[in-house]
Amino acid sequence: TVSPSTTVFYPAPLCFSADTSGINSWNWNFGDSSSASGVSVICHDYSEAGKYCVTLSVANNLGCVDTAEVCVYEVEAVIPNVFSPNGDGDNELFVIDVVTEGLTYFKCEIFNRWGMPVALLDKPREGWDGHTSAGVPASPGTYYFTLSIAWGDLTVKKNGFLTLLR
């Protein structure tokens, strides 16, 4: 198994585990020229975003060998945690920078401190200008966002906080 999921935002450690019933040898290949052996549970950090196919070869005390492979995806996205829509030309928009090639779904919802929605972004690189859906400037402060992005069958989700400064 892979945790937290086979698709994550880079950088994030991925942990792999294998059924240990009757197994006495584990050999991991992480798909990035690194490997490990001797353990049934291991976490790995990749040095860059990308697709990595992880192979596990196991053997039992009778010499029977089996191999399994799972591909994992570390998706790069730049998500700012502060922006300042104050008219000075710097950091005017909250924009999520993500690879758009092959993108099939994008949704980012922004909520105020009371959990009320203030903005919905449904296009990649579409920015929030700090105004509510009614066109009123949102108050300075901390906001919460939920993000869901898909590239075909690969879906990744993230939640977080952002600060609006004026």
Side-chain angles (χ1 to χ4, degrees), residues 1-17 28-36 39 41-55 69-166:
T1 61
V2 181
S3 66
S5 131
T6 57
T7 306
V8 295
F9 281 112
Y10 172 83
L14 288 168
C15 296
F16 305 92
S17 61
W28 298 92
N29 180 323
F30 297 106
D32 65 349
S33 301
S34 63
S35 60
V39 294
V41 178
I42 192 164
C43 294
H44 186 69
D45 289 303
Y46 289 97
S47 61
E48 61 185 356
K51 174 184 176 182
Y52 300 95
C53 292
V54 179
T55 305
E69 181 177 83
V70 63
C71 293
V72 295
Y73 302 84
E74 291 237 0
V75 178
E76 192 162 19
V78 177
I79 305 171
N81 61 356
V82 65
F83 77 117
S84 57
N86 57 12
D88 68 359
D90 291 326
N91 300 315
E92 295 293 323
L93 296 173
F94 169 75
V95 178
I96 297 170
D97 186 14
V98 65
V99 174
T100 57
E101 183 179 335
L103 193 76
T104 56
Y105 182 80
F106 181 95
K107 182 178 180 183
C108 179
E109 293 181 281
I110 302 169
F111 302 89
N112 65 18
R113 69 188 83 198
W114 299 282
M116 301 299 297
V118 294
L120 170 63
L121 309 176
D122 59 6
K123 296 177 188 73
R125 298 195 178 119
E126 174 185 25
W128 180 42
D129 64 0
H131 286 80
T132 67
S133 55
V136 177
S139 300
T142 301
Y143 291 79
Y144 183 76
F145 71 87
T146 61
L147 175 64
S148 181
I149 305 173
W151 295 264
D153 292 340
L154 302 174
T155 300
V156 65
K157 296 180 180 193
K158 184 168 182 81
N159 304 323
F161 294 95
L162 67 119
T163 301
L164 185 156
L165 302 174
R166 295 250 182 224

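Every heavy atom of this structure was used, including side-chain atoms; hydrogens, water molecules and symmetry mates were not.
The OG atom of Ser133 sits 9.5 Å away from the CE atom of Met116 when rounded to the nearest 0.5 Å. With values rounded to the nearest 0.5 angstrom, Phe145 atom CZ is found 12.5 Å from Glu109 atom CD. In this structure, CG on Leu162 lies 8.0 Å from CG on Asn81, to the nearest 0.5 angstrom. Expressed to the nearest 0.5 Å, how far CD1 of Ile79 lies from NZ of Lys158 amounts to 5.5 Å.
For the pair Ser84 (side chain) and Asn86 (backbone), a donor-acceptor distance under 3.5 Å is absent. Formation of a donor-acceptor pair under 3.5 Å by the Thr163 side chain with backbone atoms of Val82 is not found in this model. The backbone N or O of Glu48 sits nowhere less than 3.5 Å from a side-chain atom of Glu74 that would complete a donor-acceptor pair. Although no hydrogens or angles enter the test, the distance criterion places a donor-acceptor pair under 3.5 Å between the side chain of Thr104 and the main chain of Ala150.
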Problem - Verdict with supporting geometry, Val54 and His44, side chain to side chain contact (heavy atoms under 4.5 Å, CB included) - result: CA-CA 10 Å; Val54 179; His44 186 69; over 6 Å; no
Exercise for the section: For side chain to side chain contact (heavy atoms under 4.5 Å, CB included), just list the numbers for Ile110 and Phe94, CA-CA rounded to whole Å, side-chain angles, deciding distance to a tenth of an Å, and then say yes or no. Expected result: CA-CA 10 Å; Ile110 302 169; Phe94 169 75; 3.8 Å; yes
Exercise for the section: Please test Leu120 against Lys107 for side chain to side chain contact (heavy atoms under 4.5 Å, CB included), starting from the C-alpha separation and ending with a verdict. Expected result: CA-CA 7 Å; Leu120 170 63; Lys107 182 178 180 183; 3.8 Å; yes
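When all heavy atoms of Tyr143 and Ala138 are compared, the closest pair comes out as OH-CB, 3.4 Å. The minimum heavy-atom distance linking Cys53 with Lys51 is given by the pair SG-CE, 4.0 Å. Scanning both residues, Asp32 and Tyr52, for their nearest heavy atoms gives CB-CE2, 3.7 Å. Between Pro13 and Pro4, the shortest heavy-atom contact is O-CD, 3.9 Å. Nearest heavy atom pair, residue Pro124 against residue Thr100, reads CB-CG2, 3.6 Å. The minimum heavy-atom distance linking Ala36 with Ile42 is given by the pair CB-CD1, 3.3 Å.
Looking at heavy atoms from C-beta onward, Phe106 lies in side-chain contact with Val98 at the 4.5 angstrom threshold. Side-chain atoms of Ser17 and Thr1, non-hydrogen and from C-beta on, do get closer than 4.5 Å to each other. Contact of the Pro140 side chain with the Leu165 side chain is not registered, since no non-hydrogen atoms from C-beta on lie closer than 4.5 Å. Side-chain contact check for Pro85 versus Leu164: some heavy-atom pair is nearer than 4.5 Å. A heavy-atom distance below 4.5 Å is not found between the side chains of Val75 and Ile149. With contacts defined as side-chain heavy-atom distances shorter than 4.5 Å, the pair Lys157/Thr155 qualifies. Here the side chains of Cys108 and Ile96 are in contact, with some heavy-atom distance below 4.5 Å. Between Arg166 and Pro137 the shortest side-chain heavy-atom distance falls below 4.5 Å.
Aromatic ring orientation, Phe16 versus Phe30: tilted (interplanar angle from 30° to 60°).
In this structure, Asp122 places its CG atom where more than 12 heavy-atom neighbours from other residues, nucleotides or ligands lie under 6.0 Å away.
Here the two rings, on Trp128 and Phe83, have centers that are under 6.0 Å apart.
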